[in-house]
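Here's the structure, in structure tokens; my notes come after.
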Amino acid sequence: MNELKNKLREKLLFERKNLSREYIEKSDELIYQKLISLESYKNAKNIFCYLSIDGEVSTIKFLQKALIDNKRVFVPLCLKKGIMEAREIMDLSELKEGKFGILEPIKNSIKINFEEIDLSIIPCISANKEGYRLGYGGGYYDRFFENKSIKNSFILCREKMIYDNIPFEKHDIKFEHVLTDKN
Ligand SMILES: Nc1nc2c(c(=O)[nH]1)N(C=O)[C@@H](CNc1ccc(C(=O)N[C@@H](CCC(=O)O)C(=O)O)cc1)CN2
Ligand SMILES: Nc1ncnc2c1ncn2[C@@H]1O[C@H](COP(=O)(O)OP(=O)(O)OP(=O)(O)O)[C@@H](O)[C@H]1O
């Protein structure tokens with residue numbers, strides 16, 4: 001199974017590299033507009049959202065907007081293999097580049113308990129329309145959401161990166177929504 005996922009990861013990352021700058025910018029903007037129009041965004045007090053890298057759907061503008069709208073914003077801090085926490089940031093300038101080139105909050109940032117998160121924004125390399133995703137293979141999101149009652153979870157995925165036949169296993173979490181530049 002891991003072999004299958006790794007092959008697919010490689011193929012999809014290659015395809016992602018070949019998306020045009022134009023399409024990337026356009027889909028980033030469309031997805032951003034959808035995000036800030038969500039009722040679950042408007043009602044959210046506490047938001048958990050990733051910090052985008054490479055060809056992932058950009059979340060920078062969204063995070064800035066959330067901070068301006070006085071939401072409390074939490075981002076992933078990877079602690080050890082497969083384990084991450086949601087830690088608060090007040091400003092994007094607090095972030096430092098961590099493992100994998102991903103921006104991270106400082107070590108003594110405030111942790112939020114899972115139950116207090118009102119809205120979760122989740123990265124992927126690819127996803128299917130049912131809410132299964134393919135990530136970088138660290139298992140961070142599967143463990144973070146394991147055995148939890150998930151509310152208002154949104155995977156961000158460009159329409160061109162949607163892939164119907166994502167292989168999934170018992171531990172893989174099915175998220176509630178997939179936001180693309182089309183749906
Ligand atoms: N933007 C963004 N942030 C995210 C994720 C993501 O997919 N996107 N994550 C989603 O999970 C978590 C980080 N995922 C990670 C996955 C792998 C490695 C990593 O170091 N990989 C090594 C090999 C590790 C090993 O197997 O020993 C490498 O590829 O060099 C780091 C972070 C949390 N933050
Ligand atoms: N809840 C879990 N408990 C134990 N191991 C897990 C769990 N979830 C995932 N794993 C393990 O983590 C590894 C990576 O899983 P997977 O390929 O599904 O990651 P991914 O969803 O692509 O990664 P990420 O969530 O970091 O983006 C696999 O070896 C898997 O067995």
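Position 1 is the first residue of the sequence, and the numbers go up from there. Just follow the structure's listing: the first ligand is 1, and inside any ligand the first atom is 1.
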Electrostatic pair Glu22:Lys26 at N-O distance under 4.0 angstrom
no
Got an N/O contact under 3.5 Å between Cys78 and ligand 1?
no
Apart from Ile125 itself, what residues make up its hydrophobic cluster when side-chain heavy atoms of I, L, V, M, F, W and Y under 4.5 Å apart count as a link, directly or indirectly?
Leu8, Leu12, Leu13, Leu19, Tyr23, Ile24, Ile53, Phe100, Ile102, Leu134, Tyr136, Met161, Tyr163, Ile166
Go through ligand 1 atom by atom and flag the ones less than 4.0 Å from a non-hydrogen atom of Pro123.
6 (C), 7 (O), 8 (N)
Name the closest protein heavy atom to atom 8 (N) of ligand 1, giving the residue it belongs to and the distance to 0.1 Å.
Glu56 OE2, 2.8 Å
As a test of reading the model: which residues have a non-hydrogen atom less than 4.0 Å away from ligand 2?
Asn2, Lys5, Arg9, Arg133, Gly135, Tyr136, Gly137, Gly138, Gly139, Tyr140, Tyr141, Asp142, Arg143, Glu146, His171, Asp172
Looking at Tyr141, Phe144, Tyr136, Tyr140, the heavy atom closest to atom 32 (C) of ligand 1 belongs to Tyr140
Could you find the nearest protein heavy atom to atom 30 (O) of ligand 1 and give me its residue, atom name and distance?
Phe100 CE1, 4.2 Å
With a 4.0 Å cut-off, strictly under, does atom 23 (C) of ligand 1 pick up any protein heavy atom?
no
Closer than 4.0 Å to some heavy atom of Ile102 - which atoms of ligand 1 meet that?
2 (C), 3 (N), 4 (C), 13 (C), 34 (N)
Report the distance from atom OG of Ser120 to atom OH of Tyr141, rounding to the nearest 0.5 Å.
8.5 Å
Give a yes or no answer on whether the side chain of Arg87 reaches the backbone of Pro105 with a donor-acceptor pair at less than 3.5 Å.
no
Sorted by chain and residue number, the side chain to side chain donor-acceptor pair (under 3.5 Å) partners of Glu88 (sequence neighbours excluded) come out as Arg72
Which residues satisfy the side chain to side chain donor-acceptor pair (under 3.5 Å) test with Ser40, sequence neighbours excluded?
none
Using only atom types and a distance under 3.5 Å, with no angle test, would you say the side chain of Asn128 pairs donor to acceptor with the backbone of Asn165?
no
Within ligand 1, which atoms have a heavy atom of Lys81 less than 4.0 Å away?
25 (C), 26 (O), 27 (O)
Please check if the distance between the ring centroids of Phe145 and Phe114 is under 6.0 Å.
yes
Close approach of Gly135 to ligand 1, heavy atoms, under 4.0 angstrom:
no
Flag the pair Phe168 / Tyr132 as yes when their ring centroid distance falls below 6.0 Å, and as no otherwise.
yes
May I ask you to check whether Phe48 and Phe144 place their ring centres under 6.0 Å from each other?
yes
Quick one: which of Asp69, Asp118, Asn152 gives a side-chain hydrogen bond (donor to acceptor under 3.5 Å, both in side chains) with Tyr41?
Asp69
Please could you name the atoms of ligand 1 that Tyr50 approaches to less than 4.0 Å, counting only its heavy atoms?
1 (N)
